[in-house]
Amino acid sequence: MTVTTRGTLPSYLTEGRAVFPEGFVWGAATASYQIEGAVRDDGRALSVWDTFARTPGKVAFGHTGDVACDHYHRYADDVRLMTDLGLRAYRFSISWPRVQPDGTGPINPRGLDFYDRLVDELAAAGITPYVTLYHWDLPQTLEDRGGWTSRDTSYRLAEYAEAVYARLGDRVSNWATLNEPWVQAFLGYGSGIHAPGRTDAASALRATHHFLLAHGLATQALRAAGAQEIMLAVNSSPVITPAQSADPGAELSEADAEAVHRVDCLLNKQILDPVLRGAYPEEVLAIVERHGGLDHIHDGDLADIHQRPDLIGINYYNPCIVRSSPGEPANPAWPGTEDILFDRVDAPKTAMDWPIVPTGLSRLLVRLSNDYPEVGLMVTENGAAFDDVVTKDATGEHVHDTDRTAYLESHLRAVHAAIEAGADMRGYLVWSLLDNFEWAEGYNRRFGIVHVDYATQRRLPKDSALWYRGVIRENGLA
């Protein structure tokens, strides 16, 4: 599939030199289950994704993360690759079942040894580690005890965070507690298309609260131990109608405005308001009460959740497109969205069939900086899957991924536009360093700026990687 973004965007996203602030952080991101492999090495136990991937029909082609990119054994080569590309930062996640196989109790020292070696390798290369403590690979033993529908899991995450910090905190300054709690709560417990595969609205809403409680408890544990910078990574997106996609200033009907507001509360404010303002939106509480009640929200929880991070990490791929549609049933991943249609827009698409709307990123960053000025922002994931092809000529093998380069350039220009509009942007981490296990899509979708031949594990930087190296070197776009 070939997609061209140029010629469809405002000139400020396609033209002119864009220089980023001094000290702007440039890097790439990955996640443990997606790249590490070695799922039974050195005492690692099963995660919910190991179980889910082995359930027939859940992951495309029956793929699993058993080997993935074999990063567990090839991390030193991968760090050398990062050095060649000029990366200044590398965001990776810790595998909870590798470090604490039972999800509680004894720590597996061999599991932490791997991250010790990785952090040391990064330090020797002058690359700053950004550690995400939890990127969806919950120990299966905790899921068997209720998973994120159980309040106890929040306390177990804080215990695990403390243990990881005790080993790595002398060399790691930047800590993200969770990655995209909304996604695991609503796709994992609501629609069931992600692990652990449950399909219950009440469970999804309960899990969301326990994720936020886990963030608050882990933040307190990390701060008490001396952590310098704490982040929460979220999948925030602007919620807009199809008309607003083409014209951001388009006027909305009362019904469309209500649909946008309700979905914005569920996607964005449900996560960020408790953390940054200490309260849930009333619209969210009404939906939660209607789907199972509020008994899981205990006195004192919001005080524990209201632990302001230093940064909010923004994982942006596309806007959320909605409009009023009376009689429409609630989307399974969105409890409380009766009478709302999740719509499409006329825009170029990635191989994931996601619309390419870089203006949505600048719109989102400015809005978040205005709504929550007390925290800095970092783009912690942004990238695109395309159907890459390896070609060969007299100079060697190549992946001419012009679509991905155009995607990244337009979104970096959107970040720069947000900075010029006053957003407090600290950095940009491309998703992803490597092609990898793309959750329910298996190995069927490639997001990496580096091509991975899964049969041989050979890495081949794509043209987008070489382009990104130049952006980092120049701290900007030509």
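We count residues from 1, following the sequence as given.
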Working for ring pair (Phe, Tyr, Trp, His ring centres under 6.0 Å), residues F114 and Y75: CA-CA 9 Å; F114 167 68; Y75 70 92; 5.6 Å; yes

Salt bridge (Lys or Arg N to Asp or Glu O under 4.0 Å) between R469 and D84, intermediate numbers included: CA-CA 8 Å; R469 178 171 62 191; D84 290 344; over 6 Å; no

How far apart are the C-alpha atoms of R40 and D66, what are their side-chain angles, what is the distance that settles it, and do they pass the salt bridge (Lys or Arg N to Asp or Glu O under 4.0 Å) test? CA-CA 8 Å; R40 297 191 182 278; D66 287 6; over 6 Å; no

Give the C-alpha distance, both sets of side-chain angles, the deciding distance and a yes or no for salt bridge (Lys or Arg N to Asp or Glu O under 4.0 Å) between R446 and D388. CA-CA 7 Å; R446 293 179 177 271; D388 300 320; 5.6 Å; no

Salt-bridge test for [X] and [Y]: reply yes if a basic N is under 4.0 Å from a carboxylate O, no otherwise.
X	Y	answer
R44	D50	yes
E409	R413	yes
R167	D113	yes
K462	D401	no

Check D453, D435, D70, D78 against R459 for a salt bridge (Lys or Arg N to Asp or Glu O under 4.0 Å) and give me the one that passes.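 Testing each of D453, D435, D70, D78 against R459, the sole residue satisfying salt bridge (Lys or Arg N to Asp or Glu O under 4.0 Å) is D78.
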
Taking all atoms of both residues into account, what is the closest heavy-atom pair of [X] and [Y], and its distance?
X	Y	value
A384	T350	CB-CG2, 3.8 Å
S464	T405	CA-OG1, 3.3 Å
R404	F386	NH2-N, 3.3 Å
P21	N475	O-ND2, 3.4 Å
A31	W431	N-CH2, 3.8 Å
L267	I271	O-CG1, 3.9 Å

Do [X] and [Y] get their side chains close enough for a donor-acceptor pair, meaning under 3.5 Å?
X	Y	answer
S236	N268	yes
E180	N235	no
D393	T395	yes

Do R98 and D137 pass the salt bridge (Lys or Arg N to Asp or Glu O under 4.0 Å) test, and can you show the C-alpha distance, the side-chain angles, and the key distance before you say yes or no? CA-CA 10 Å; R98 197 180 292 288; D137 46 356; over 6 Å; no

Name the orientation class of the two ring planes belonging to [X] and [Y] (parallel below 30°, tilted from 30 to 60°, perpendicular beyond 60°).
X	Y	answer
F211	Y134	tilted
H194	W136	tilted
W439	H135	parallel

Are any side-chain N or O atoms of N382 and backbone N or O atoms of Y316, one a donor and one an acceptor, separated by less than 3.5 Å?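 Pair found, side chain donor or acceptor close to backbone of Y316.
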
Donor-acceptor pair, side chain of T55 and main chain of T51, under 3.5 angstrom: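 Yes: the side chain of T55 pairs with the backbone of T51.
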
Is there a side-chain contact between D310 and Q228 in this structure, where contact means two heavy atoms from C-beta onward sitting under 4.5 Å apart?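 No, too far: nothing below the 4.5 Å cut-off.
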
Just how far is it from atom CG of L178 to atom OG1 of T219, taken to the nearest 0.5 Å?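 Interatomic distance, L178 CG to T219 OG1, rounded to 0.5 Å: 8.0 Å.
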
Can you tell me how far apart CE (M82) and OG1 (T30) are? Round to the nearest 0.5 Å.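 That separation rounds to 6.5 Å.
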
Got more than 12 heavy atoms from elsewhere within 6.0 Å of CZ, R54?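 Counting other residues, nucleotides and ligands, CZ of R54 exceeds 12 neighbours.
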
Counting only heavy atoms not in D247, do more than 12 sit closer than 6.0 Å to its CG atom?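 Atom CG in D247 is packed in, count exceeds 12.
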
Check whether the ring centres of Y130 and Y90 lie less than 6.0 Å apart, and answer yes or no.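 No, the ring of Y130 stays outside the 6.0 Å limit from the ring of Y90, centre to centre.
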
Test ring pair (Phe, Tyr, Trp, His ring centres under 6.0 Å) applied to W148 and Y189, step by step: CA-CA 9 Å; W148 287 104; Y189 290 85; 8.3 Å; no

Given the rule in the side-chain contact (heavy atoms from CB on, under 4.5 Å) test, do Y428 and F20 qualify, once you have shown the distances and angles that lead to the verdict? CA-CA 11 Å; Y428 177 93; F20 285 78; over 6 Å; no

